[in-house]
There are 2 protein chains.
Amino acid sequence: MSKEISQAVIRRMPRYYRYLGELIDEGVERISSNELSTRMNVTASQIRQDLNNFGGFGQQGYGYNVKFLYEEIGKIMGLSEQHNIIIIGAGNLGQAIANYVKFERLGFVTIALFDVNPDICGRTIRGIPIMLVDEMEDFIATHKVDIAALTMPKEKAGAIAKQLVGYGVHAIWNFAHVDLEIDDDVVVENVHLSDTLMQLSYNIVKSRNEKK
Amino acid sequence: MSKEISQAVIRRMPRYYRYLGELIDEGVERISSNELSTRMNVTASQIRQDLNNFGGFGQQGYGYNVKFLYEEIGKIMGLSEQHNIIIIGAGNLGQAIANYVKFERLGFVTIALFDVNPDICGRTIRGIPIMLVDEMEDFIATHKVDIAALTMPKEKAGAIAKQLVGYGVHAIWNFAHVDLEIDDDVVVENVHLSDTLMQLSYNIVKSRNEKK
DNA sequence: GTCAATGTGTGAAAAATTTAACTATCTTTT
DNA sequence: AAAAGATAGTTAAATTTTTCACACATTGAC
């Protein structure tokens with residue numbers, strides 16, 4: 001059995017991926033854990049430990065091949081396959097996400113939005129159709145849906161999530177401010193914006209106090 | 001000197017706050033760490049340890065007074081004062097945030113949006129004006145601005161952040177996909193949506209493999 | 001008022017994470 | 001081709017975080 005990799009490590013991987021992408025853009029071919037650690041403001045030891053969770057991607061005396069490592073991390077994070085997203089809640093946030101072209105470069109493609117409001121149904125965003133929530137079941141049955149993004153008010157999120165899981169969706173990107181109670185085999189990633197605001201606020205007050 | 005409280009603890013506080021808010025809505029007056037731990041799916045021990053970082057809010061044999069604890073956490077997280085937010089980048093995401101009424105209940109009030117696009121300037125969102133980025137300096141000089149939310153493309157984020165800090169802004173809620181290099185006395189909270197998507201993607205693949 | 005039950009605060013143990021140190025391997029130079 | 005230098009992989013130590021366990025304060029029943 002392969003050892004479980006801690007979520008702390010997983011949370012750091014996207015940052016490595018981003019920095020490696022930048023290095024590629026800069027035309028850098030190879031990099032040592034030490035040099036990368038300086039750029040990223042982490043310890044070289046942590047970089048080596050993190051990467052070694054997945055295997056040895058570097059070479060003693062040489063370092064890491066930037067392009068190779070970039071691609072390997074991409075594979076590890078599941079970016080080698082396309083993930084289709086549907087967005088439930090075509091409000092501002094839902095539309096914002098649908099408009100984010102950058103996600104597509106990572107393989108995350110929004111294929112539909114759903115809303116309860118009949119007025120906006122039939123419209124499209126970048127060619128992506130907005131449909132009625134009632135059409136969701138049919139749509140999921142006839143399309144490959146890998147991720148459902150929940151951007152509706154929290155009151156409705158629980159029920160919608162349950163429905164989605166019933167229709168066969170196994171991954172939820174949850175922007176509603178509730179903890180979804182859902183089967184173990186469904187993967188949930190929460191994005192609680194107000195939580196991050198509160199953390200910011202805490203650190204503001206702290207920083208102010210430290211300044212005396 | 002008061003001991004430093006780990007960011008791990010700080011990240012958990014908003015969740016306590018949310019659950020306590022729900023308990024208040026349910027009319028619950030008191031709760032034990034044990035009962036709360038069941039609801040929240042964490043250990044009672046962790047709850048007690050976390051809270052004790054800030055002082056003893058409970059009472060042996062009684063538990064915690066829900067309303068009192070809620071208010072205390074609010075104070076700890078800096079919610080007892082109003083935080084004015086300006087949003088730089090009035091695209092979809094910026095507008096989505098400006099429309100989020102719920103933040104206001106926590107004391108976070110958006111007072112202006114700024115954009116480089118003259119076409120949308122002069123418009124308002126919920127009464128909040130959209131202005132030209134050029135007007136930013138003046139605005140900050142004449143208004144209390146506590147937090148700047150960066151929702152513009154990452155290419156511009158670094159320069160804008162520098163400007164903002166120059167104008168006296170000390171806290172940045174960063175949605176741009178870059179690490180801002182900024183003075184130590186400026187507080188930055190990053191919200192990297194694509195990072196969370198990648199984490200979700202990793203967990204999807206992992207979960208699929210576990211299922212055999 | 002007494003006593004059993006409850007349940008926090010807290011010191012200590014356990015677990016997890018991070019950092020440091022070392023070894024072995026590869027690269028580069030001469 | 002050999003020696004010197006660089007650097008990943010890896011083991012060990014240090015640190016941090018989480019969990020456990022229990023003394024003792026408070027509540028509530030009788």
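By convention in this document, chain letters (A, B, ...) are assigned in the order of the sequence lines, proteins followed by strands, and residues within each chain are numbered from 1. These figures come from a predicted structure and were not determined experimentally.
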Study note, to complete from the structure: chain B reaches DNA chain C, atoms under 4.0 Å from its heavy atoms, from dT6(C) to dA12(C)

Review point. Want to settle it: does A8(A) or S32(B) sit nearer the 5' end of DNA chain C, counting the closest nucleotide to each?
Key: S32(B)

Study note, to complete from the structure: 5' to 3', nucleotides 20-30 of chain D under a 4.0 Å protein heavy-atom cut-off (B base, S sugar-phosphate only, - none) gives BB---BBSS--

Sequence neighbours left out, what pairs pass salt bridge (charged side-chain N to carboxylate O under 4.0 Å, His left out) with at least one residue falling in [range]?
| range | answer |
| --- | --- |
| residues 164-176 of chain A | none |
| residues 75-98 of chain B | R208(A)-E81(B), E72(B)-K75(B) |
| residues 149-176 of chain A | none |

Review point. Between L36(B) and Y64(B), is any pair of side-chain heavy atoms under 4.5 Å apart?
Key: no

Practice item. Identify, with sequence neighbours excluded, every residue that meets side chain to side chain donor-acceptor pair (under 3.5 Å) alongside T196(A). Key: W173(B)

**Study point:** Partner set under side-chain contact (heavy atoms from CB on, under 4.5 Å) for T43(B), not counting sequence neighbours
**Key:** S45(B), Q46(B)

Check your understanding: Of all residues at least two apart in sequence or in a different chain, which pass the side-chain contact (heavy atoms from CB on, under 4.5 Å) check with E29(A)?
Key -> none

Review point. Roughly, in whole Å, what's the span from CG in N53(B) to P in dT16(D)?
Key: 14 Å

Check your understanding: What integer distance in Å separates I47(A):CD1 from dT10(D):P?
Key -> 17 Å

Check your understanding: So which pairs with a foot in residues 105-117 of chain A pass side chain to side chain donor-acceptor pair (under 3.5 Å), sequence neighbours left out?
Key -> none

